[in-house]
Amino acid sequence: MEITVYGPLRSATGAKTVSLEFDGGTVADAVATFVDAYPRAEPHLYDGDDDTGELRSSVRVTVDGERATMDDRVPANASMTLMPAVQGGTR
């Protein structure tokens, strides 16, 4: 599986696109596999004070170019994109 990341996730991966061994499953499974491979990405994806295992509401996930929920199925050869919220700027 190929995963393209944006924003602060690039500092966790060192690259815009990474390849992971993934046998298929749900989006939640794919994100967990990604975090296992790149633990520094976890605080950008999950709330630190939340043990529910849910992504932050600001994180956007697409699978093969389509917006996906955590329960959607992901084939092993899919392309996934992870987009955490980017903060900054001034009012």
Side-chain angles (χ1 to χ4, degrees):
M1 152 178 264
E2 284 198 350
I3 299 179
T4 301
V5 298
Y6 291 92
L9 291 177
R10 275 215 201 152
S11 66
T13 63
K16 182 177 180 178
T17 303
V18 295
S19 295
L20 292 178
E21 292 291 324
F22 182 68
D23 295 329
T26 65
V27 170
D29 297 331
V31 173
T33 299
F34 173 76
V35 170
D36 285 346
Y38 299 98
R40 289 178 38 210
E42 185 172 16
H44 301 291
L45 298 172
Y46 297 99
D47 286 323
D49 58 348
D50 186 356
D51 292 331
T52 64
E54 292 183 19
L55 283 184
R56 292 175 183 236
S57 61
S58 59
V59 174
R60 301 292 176 246
V61 180
T62 65
V63 175
D64 293 332
E66 299 292 324
R67 182 105 180 247
T69 68
M70 294 298 275
D71 295 324
D72 288 342
R73 300 298 299 171
V74 180
N77 62 347
S79 294
M80 187 166 79
T81 302
L82 293 172
M83 295 171 275
V86 177
Q87 298 179 359
T90 59
R91 285 185 159 238

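Just so it is clear, the model here is predicted, and its values are computed rather than measured.
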Quick test of your reading: applying side-chain hydrogen bond (donor to acceptor under 3.5 Å, both in side chains), list the pairs with at least one residue in residues 67-82, sequence neighbours left out, ordered by first then second residue.
T62-T81, T69-D72

Could you give the side-chain donor-acceptor pairs of residues 33-41 under 3.5 Å, partners two or more places apart or in another chain?
from : atom 1 : to  : atom 2 : distance (Å)
T33  : OG1    : D29 : O      : 3.0
R40  : NH1    : S11 : O      : 3.4
R40  : NH2    : S11 : O      : 2.8

Any side-chain heavy-atom pair of M70 and E54 under 4.5 Å:
no

Can you give me every donor-acceptor pair (side chain of residues 15-22, partner residue at least two apart or in another chain, under 3.5 Å) with its distance?
from : atom 1 : to : atom 2 : distance (Å)
T17  : OG1    : T4 : OG1    : 3.3

Using side-chain heavy atoms (C-beta onward) and a distance below 4.5 Å, is Y6 in contact with L82?
no

